[in-house]
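Note that ligands are numbered from 1 as they come in the structure, with each ligand's atoms numbered from 1 the same way.
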Amino acid sequence: MRAQPKASHFINGAYVEDAAGDVIECIFPATGEVVAKLHSATPAIIEQALESAKAGQKIWAAMSGTERGRVLRKAAFIIEERNRDLSILETLDTGKPLSETLYVDATSGREALEYFGGLAGSLTGEHISLGQDWVYTVREPLGICVGIGAWNYPTQIACWKGAPALACGNAMIFKPSETTPLCALQVAEILHEAGVPAGVYNVIQGYGDVGAALVSDARVDKVSLTGSVPTGRKVYAAAAEGMKHVTMELGGKSPLIIFDDADLDNAVGGAILGNFYSSGQVCSNGTRVFVQKGIKEAFLARLKERTEQATMGDPLDEATNFGPMVSANQMNIVLGYIDKGIAEGARLITGGKMAQRDGFFIEPTIFADVTDDMTIAREEIFGPVLSVLDFDTEDEVMARANDTEFGLAAGVFTSDLTRAHRVAAGFEAGTCYINTYNDAPVEAPFGGSKASGVGRENSKEAINHYSQVKSVYVRMGDVEAPF
Ligand code: NDP
């Protein structure tokens with residue numbers, strides 16, 4: 001199987017190669033097969049990307065918002081037409097089953113381009129009256145934005161960062177995770193086919209050092225990172241050095257609270273979606289499932305039964321709904337956490353092992369009797385490991401749910417309407433769910449509080465993070481000076 005792109009980088013509207021860069025192997029996680037070989041960006045490639053972004057941004061920002069929006073919406077249309085091919089590529093890049101990627105990845109990227117393409121023409125300032133005098137504000141682009149992606153949603157992340165950045169008149173240089181280098185190149189190609197001027201959306205490959213070189217360059221005005229909290233700390237600090245704008249979409253250890261009056265099957269469904277979708281490699285997952293003691297055994301029995309119905313297999317087969325970990329490295333990290341869970345006394349309900357097949361598969365794993373101090377209840381695992389913790393009262397569970405440095409997401413299942421809203425109000429998290437889990441529509445802000453992030457992606461909120469406001473004071477009368 002091959003998924004070799006035309007070249008490693010996309011700069012100034014064209015594919016570019018520099019074979020002097022370190023080799024990046026793209027591995028299909030279901031077999032371990034190398035499907036593409038690319039090169040990390042050399043300093044010369046980084047320089048080309050920055051210079052082309054600088055020139056392209058000026059041309060792009062000079063176009064009207066309506067013109068920019070038309071181009072973004074055209075790109076959305078092309079993505080829709082090529083959904084199957086893009087979904088297969090996403091599956092090869094990440095190992096996620098085609099039964100997911102056909103409906104989630106290119107689709108979500110398309111929706112971002114459609115949504116922000118629709119907003120582009122309506123981005124205006126305001127008029128502020130001061131009696132005779134007045135002020136008007138202008139919403140301006142920031143300039144060159146750098147996007148740095150994690151490996152779990154390569155198409156979506158490239159679009160969630162690119163669409164609002166471009167709608168506001170910025171240029172973007174996107175660096176995918178070296179684990180999943182393929183999809184963002186397609187996004188760049190499609191944007192240019194749709195009419196984005198050369199240099200406005202560039203993709204360069206590389207390891208953390210390439211991201212770090214971009215973040216510290218004086219020509220860069222904004223950095224948007226999707227990644228782990230430790231990387232976020234480094235990137236935020238480097239950006240602060242140059243007083244750059246940032247968006248940080250980082251990790252989580254989110255609580256999902258299930259009260260004993262919840263609809264059992266819906267709650268089980270929420271826990272499955274919030275732990276096993278994309279084999280658990282989702283930042284907002286509700287990995288600490290707090291279940292009220294009255295329904296604990298019924299919940300565990302139904303959860304086990306439904307989890308064991310997962311169809312693990314070739315992700316390119318649409319009957320498969322549970323795929324591998326993205327890499328051998330991630331698989332080993334997750335297996336290490338499973339061993340810790342067992343060693344620290346959690347009760348294994350199902351799973352817990354590598355699957356007996358090629359590739360990086362781990363069985364969907366459920367632990368019960370997990371306590372707040374166990375490693376699996378405190379650290380982000382980023383794999384298919386669900387921990388069930390027991391609780392008695394609402395006050396108790398709220399204190400425990402919020403007792404974490406993270407604040408990305410949180411969910412509650414209950415049939416008590418008042419309690420649902422009280423609990424949502426009490427969550428220390430940026431993205432909350434009532435009787436559902438892990439929805440991320442482009443119309444709603446998405447992001448974390450506490451160590452899970454800074455800023456918001458999606459929705460009109462994202463516009464504030466990719467533009468700045470200039471105030472222009474206008475005096476209609478004479479200037480009064482003291483001397
Ligand atoms: P990492 O933090 O390891 O890497 C994220 C990106 O940052 C990669 O492209 C990485 O490059 C790059 N990078 C690493 N070091 C630096 C540096 N010093 N300067 C600039 N860039 C750098 O995350 P993963 O790729 O392992 O992704 C998993 C993490 O992402 C999880 O914690 C998950 O929760 C989080 N995530 C958050 C989401 C959100 O929206 N809140 C969504 C999806 C994931 P390289 O890979 O080459 O090292």
Atom 33 (C) of ligand 1: closest protein heavy atom, distance to 0.1 Å, is F382 CE1, 3.2 Å

- Query: Is a salt bridge present between E193 and R82, judged by a nitrogen-to-oxygen distance below 4.0 Å?
  - Reply: yes

Ligand 1 contact by G149, heavy-atom criterion under 4.0 angstrom: yes

- Flag for E344-T375: side-chain donor and acceptor within less than 3.5 Å: yes

task: Walk me through it: do E47 and R219 pass the test salt bridge (charged side-chain N to carboxylate O under 4.0 Å, His left out)?
output: CA-CA 10 Å; E47 187 58 28; R219 285 163 286 188; 2.8 Å; yes

In this structure, atom 31 (C) of ligand 1 is nearest to the protein heavy atom E380 OE1, 3.4 Å

Quick note on ligand 1: atoms under 4.0 Å from a heavy atom of G251 include exactly 32 (O), 34 (O)

for atom 17 (C) of ligand 1, nearest protein heavy atom and its distance come out as G208 O, 3.7 Å

**Message:** Is there a polar contact between ligand 1 and V229, counting only N or O atoms under 3.5 Å apart?
**Reply:** no

key: Sub-3.5 Å N/O-N/O distance, S452 and ligand 1   = no

min-distance protein heavy atom vs atom 47 (O) of ligand 1 -> E178 OE1, 2.2 Å

In this structure, atom 23 (O) of ligand 1 is nearest to the protein heavy atom S228 N, 3.6 Å

Quick note, salt bridge (charged side-chain N to carboxylate O under 4.0 Å, His left out) partners involving residues 23-37, not counting sequence neighbours, are E25-K37

closest protein heavy atom to atom 36 (N) of ligand 1 is C283 CB, 3.5 Å

Restricting to heavy atoms, the pick from K175, Q281, K234 nearest atom 18 (N) of ligand 1 would be K234

Of I148, T226, L250, the one whose closest heavy atom lies nearest atom 5 (C) of ligand 1 is T226

Worksheet item: Do you see a donor-acceptor pair shorter than 3.5 Å between the side chains of S216 and E241?
Response: no

Distance-only donor-acceptor hits, side chain of residues 159-167, under 3.5 Å, sequence neighbours excluded:
from: W160; atom 1: NE1; to: S108; atom 2: OG; distance (Å): 3.0
from: K161; atom 1: NZ; to: S224; atom 2: OG; distance (Å): 2.9
from: K161; atom 1: NZ; to: T226; atom 2: OG1; distance (Å): 2.8
from: K161; atom 1: NZ; to: E457; atom 2: OE2; distance (Å): 3.0

Counting from 1 in the order shown, the ligand 1 atoms closer than 4.0 Å to a non-hydrogen atom of T231 are 1 (P), 2 (O), 3 (O), 7 (O), 13 (N), 14 (C), 15 (N), 16 (C), 22 (C)

min-distance protein heavy atom vs atom 35 (C) of ligand 1 -> G227 O, 3.1 Å

**Study point:** Under 3.5 Å side-chain donor-acceptor pair for S278 and Y153
**Key:** yes

Residue, atom and distance of the protein heavy atom nearest atom 25 (O) of ligand 1 read W151 CD1, 3.0 Å

Tested for side chain to side chain donor-acceptor pair (under 3.5 Å) against S8, the lone hit among H39, E17, Q205 is E17

task = Report the C-alpha distance between Y201 and W60 in whole Å, list the side-chain angles of each, state the deciding distance to 0.1 Å, and finish with yes or no for ring pair (Phe, Tyr, Trp, His ring centres under 6.0 Å).
result = CA-CA 10 Å; Y201 190 93; W60 184 237; over 10 Å; no

Looking only at non-hydrogen atoms, the one of G252, A212, G232, A409 nearest atom 20 (C) of ligand 1 is A212

Query raised in the report: Would you say the side-chain atoms of S284 and N438 include a donor-acceptor pair closer than 3.5 Å?
Result: yes

Exactly one candidate in D105, L86, L316, T320 meets side chain to side chain contact (heavy atoms under 4.5 Å, CB included) with T91; the answer is L316

Atoms of ligand 1 under 4.0 Å from any heavy atom of N152, numbered from 1 in the order shown, are 43 (C), 44 (C)

Counting heavy atoms under 4.0 Å, the part of L408 that contacts ligand 1 is side chain

(Q) So, 4.0 Å and heavy atoms of F446: is ligand 1 close enough to count as a contact? (A) yes

Can you find a non-hydrogen atom of G206 under 4.0 Å from ligand 1? yes

- [ ] Find out whether I376 and F367 are in side-chain contact, i.e. whether some heavy atom of one side chain is under 4.5 Å from a heavy atom of the other.
- [x] yes

Under 4.0 Å from one or more heavy atoms of L225, ligand 1 contributes atoms 6 (C), 7 (O)

Side chains of D373 and T371: is there a donor and an acceptor less than 3.5 Å apart? yes

Counting from 1 in the order shown, the ligand 1 atoms closer than 4.0 Å to a non-hydrogen atom of A150 are 25 (O), 27 (O), 30 (O), 44 (C)

